[in-house]
Amino acid sequence: MTANPMSTTAALNRDLLLERASALMPVLMERAAGTEELRRVPEETVKEILDAGLHLIGVPSRYGGLDIDYGVSHEVGVELARGCASTSWCYSLWVAHSWLVGYWPQQAQEEVFGSGPDCLCSSSLSPGRSTCTPTEGGYRLSGRWEFSSGCDSASWIMLGVTGIGTRNWVLVPRGDYQIVDTWYVSGLKGSGSKDIAVEDIFIPAHRVVEVSTAGDSDLSGWELHGQDRYRVPVPVMLGWDLVAPMIGLARGMIDEFVEKLSGTSGPGRTADSAAIHLRLSQACAEVDAAQALMEGDVAETLRKGREGEPFTTLERARFRRDKAFCTQLGLQAVNRLFDLSGGHALFDSEPMQRFHRDAQAVAHRDGLIMDLGGQQFGRVLLGLEPDGSI
């Protein structure tokens with residue numbers, strides 16, 4: 001793929017970004033096995049993503065990002081995952097983290113993007129095994145966190161902490177933490193989702209954000225940037241960045257299934273089999289439905305942000321439910337096709353087995369499991385107060 005790294009942000013629109021993502025997709029497919037062996041996104045891939053400007057969708061416009069519909073990042077994530085789910089997973093998270101930085105105090109934002117918009121952030125947003133204690137001008141932090149996807153390519157990290165407010169995240173520069181290589185897994189092998197260790201570092205107060213109020217009662221991000229995404233509470237939008245790779249890898253599974261069977265004939269697993277026809281039709285419908293639901297919810301969310309409308313408790317619960325439901329639709333589609341793909345699909349050389357393993361890994365995220373992600377909607381619909389985060 002060729003991309004012009006000198007392209008101005010004004011020239012980058014949705015169609016061009018999706019065109020660049022589509023051009024990169026077959027390259028990612030060719031590198032997918034090597035990405036798994038490396039257990040992280042290759043630097044050449046990271047450079048191509050940056051050169052294409054795909055990451056700029058998440059960067060606040062005042063720091064060189066794009067003043068564009070944030071939902072385009074999910075469309076890009078879907079397209080990249082058709083080639084390599086691990087790369088899409090990291091891309092989607094890097095974009096989401098750039099968006100999230102815009103909720104922090106301005107001083108912290110300038111520290112992150114001070115050298116330009118190409119700074120990437122990773123994260124581990126649960127508190128992990130950590131301690132955070134107040135000190136003059138900020139906090140002292142120690143601990144260990146898991147599952148920091150894309151951390152090898154990042155210059156900053158967001159970490160969940162306790163001991164400050166209701167729900168807080170802190171920003172930590174690369175020199176203040178260590179990456180512990182624990183990522184030996186069966187799915188999303190190339191995401192490099194390693195552990196993070198911190199030992200008694202200082203966190204200045206301006207590098208802390210209260211997640212429970214950001215984009216809700218605290219509209220400082222909106223006042224600074226004027227982009228509709230910053231008039232949306234963080235939990236409402238967060239999570240679609242994880243759903244998009246699932247939808248994309250399910251599309252990749254369909255691509256492979258169709259390519260393998262097109263033109264075959266005869267008894268068994270062939271193109272004239274009624275069982276094949278039915279499963280393929282069901283899988284395609286599931287993936288189409290998942291993408292339509294995701295794009296509809298994101299458009300509704302951004303519209304409400306743009307118009308300054310409040311988000312009801314039921315709406316918040318519905319959006320959380322839909323993130324889990326879309327994930328499960330993608331998982332069903334992948335499983336449906338894999339179960340009828342025969343013994344050849346088990347070989348390491350076949351992309352279908354990788355899509356299958358990656359789908360199981362995505363679906364293991366707590367918020368994307370329907371039993372957990374969908375529970376609050378049922379409670380609220382029955383008139384009960386939510387007993388979990390929405």
Side-chain angles (χ1 to χ4, degrees), residues 1 18-19 21-37 74-89 185-191 243-295 324-364 368-370:
M1 176 191 148
L18 291 177
E19 179 183 319
S22 295
L24 186 54
M25 186 274 290
V27 178
L28 301 184
M29 174 70 81
E30 291 177 3
R31 291 182 188 150
T35 299
E36 285 204 323
E37 291 177 7
H74 305 128
E75 296 182 77
V76 171
V78 168
E79 189 65 17
L80 297 181
R82 289 176 56 211
C84 176
S86 289
T87 299
S88 172
W89 182 265
V185 292
S186 61
L188 292 178
K189 287 185 175 183
S191 67
V243 177
M246 173 63 95
I247 295 173
L249 72 85
R251 291 206 179 280
M253 184 72 169
I254 292 170
D255 293 342
E256 284 296 312
F257 192 84
V258 170
E259 182 179 349
K260 293 296 182 188
L261 271 72
S262 292
T264 61
S265 61
R269 298 173 290 99
T270 54
D272 54 7
S273 164
I276 293 289
H277 302 160
L278 178 59
R279 290 214 177 198
L280 183 58
S281 179
Q282 288 175 311
C284 289
E286 285 165 336
V287 177
D288 286 347
Q291 186 156 1
L293 183 55
M294 176 181 73
E295 292 179 356
F325 188 65
C326 289
T327 300
Q328 297 307 307
L329 285 175
L331 179 64
Q332 288 172 198
V334 170
N335 288 342
R336 191 183 304 281
L337 297 183
F338 189 77
D339 288 348
L340 208 62
S341 294
H344 286 97
L346 300 174
F347 282 87
D348 287 343
S349 58
E350 292 295 328
M352 283 191 286
Q353 54 80 27
R354 186 181 65 254
F355 286 128
H356 184 254
R357 288 186 288 102
D358 288 344
Q360 314 310 311
V362 173
H364 272 66
L368 303 183
I369 299 171
M370 197 63 194

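Just the heavy atoms: all of them, side chains too, but no hydrogens, waters or symmetry mates, feed the values below. What you see is a predicted model, and the numbers here were worked out from it, not measured in a lab.
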Nearest-0.5 Å distance, CZ of residue Phe355 to CD1 of residue Ile254: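 With rounding to 0.5 Å, CZ (Phe355) is 10.5 Å from CD1 (Ile254).
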Shortest non-hydrogen separation from Ser88 to Gly77 and the atoms involved: OG-O, 2.6 Å
Atom of Ala359, atom of Val334 and distance for their closest heavy-atom approach: CB-CG1, 3.9 Å
Distance (rounded to the nearest 0.5 Å) between Glu256 CD and Gln353 CD: 10.5 Å
Min side-chain heavy-atom separation Leu18-Val76 under 4.5 Å: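 The answer is yes, as the side chains (C-beta and beyond) meet within the 4.5 Å cut-off.
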Ile247 vs Glu286 side-chain heavy atoms within contact, under 4.5 Å: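 A side-chain contact under 4.5 Å is absent here.
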Shortest non-hydrogen contact from Trp89 toward Ser191: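 Scanning both residues completely, I find the closest heavy atoms to be CD1-CB, 4.0 Å.
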Neighbour count above 12 (heavy atom, 6.0 Å) for His364 NE2: no
Name of the residue among Arg357, Arg31, Arg354 meeting salt bridge (Lys or Arg N to Asp or Glu O under 4.0 Å) with Glu36: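 The single option meeting the salt bridge (Lys or Arg N to Asp or Glu O under 4.0 Å) with Glu36 is Arg357.
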Between CG on residue Asp358 and CG on residue Leu331, distance to nearest 0.5 Å: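 It comes to 12.0 Å.
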Met246 vs Leu329, side chain to side chain contact (heavy atoms under 4.5 Å, CB included): CA-CA, chis, key distance, verdict: CA-CA 9 Å; Met246 173 63 95; Leu329 285 175; over 6 Å; no
Those residues that, when tested against Glu350, pass salt bridge (charged side-chain N to carboxylate O under 4.0 Å, His left out) (two or more places apart): Lys260
Heavy-atom side-chain contact between Ser186 and Gln360 under 4.5 Å: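 No; the side chains remain at least 4.5 Å from each other.
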Phe338, CZ: over 12 other non-hydrogen atoms inside 6.0 angstrom: yes
Nearest heavy atoms of Gly187 and Val185, plus distance in Å: O-CG2, 3.4 Å
Heavy-atom pair of closest approach, residues Ser86 and Gly190: OG-N, 3.1 Å
Within-4.5 Å side-chain heavy-atom neighbours: Val287 and Met253: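 Contact flag for Val287/Met253 side chains = no.
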Nearest-0.5 Å distance, CD of residue Glu75 to CD of residue Gln291: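 Spacing of CD (Glu75) from CD (Gln291) equals 7.0 Å.
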Atom pair CG/CG of Leu80 and Leu249 - distance to nearest 0.5 Å: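 Rounded to the nearest 0.5 Å, the CG-CG separation comes out at 12.0 Å.
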Contact summary for Thr35 and Cys84, nearest pair of heavy atoms: CG2-SG, 4.3 Å
Nearest-0.5 Å distance that lies between atom CE in Met25 and atom CD in Glu79: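 Met25 CE to Glu79 CD: 5.5 Å, rounded to 0.5 Å.
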Partners passing side-chain contact (heavy atoms from CB on, under 4.5 Å) against Ala274 (at least two apart in sequence or in another chain):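 Partners of Ala274 under the side-chain contact (heavy atoms from CB on, under 4.5 Å) test: none.
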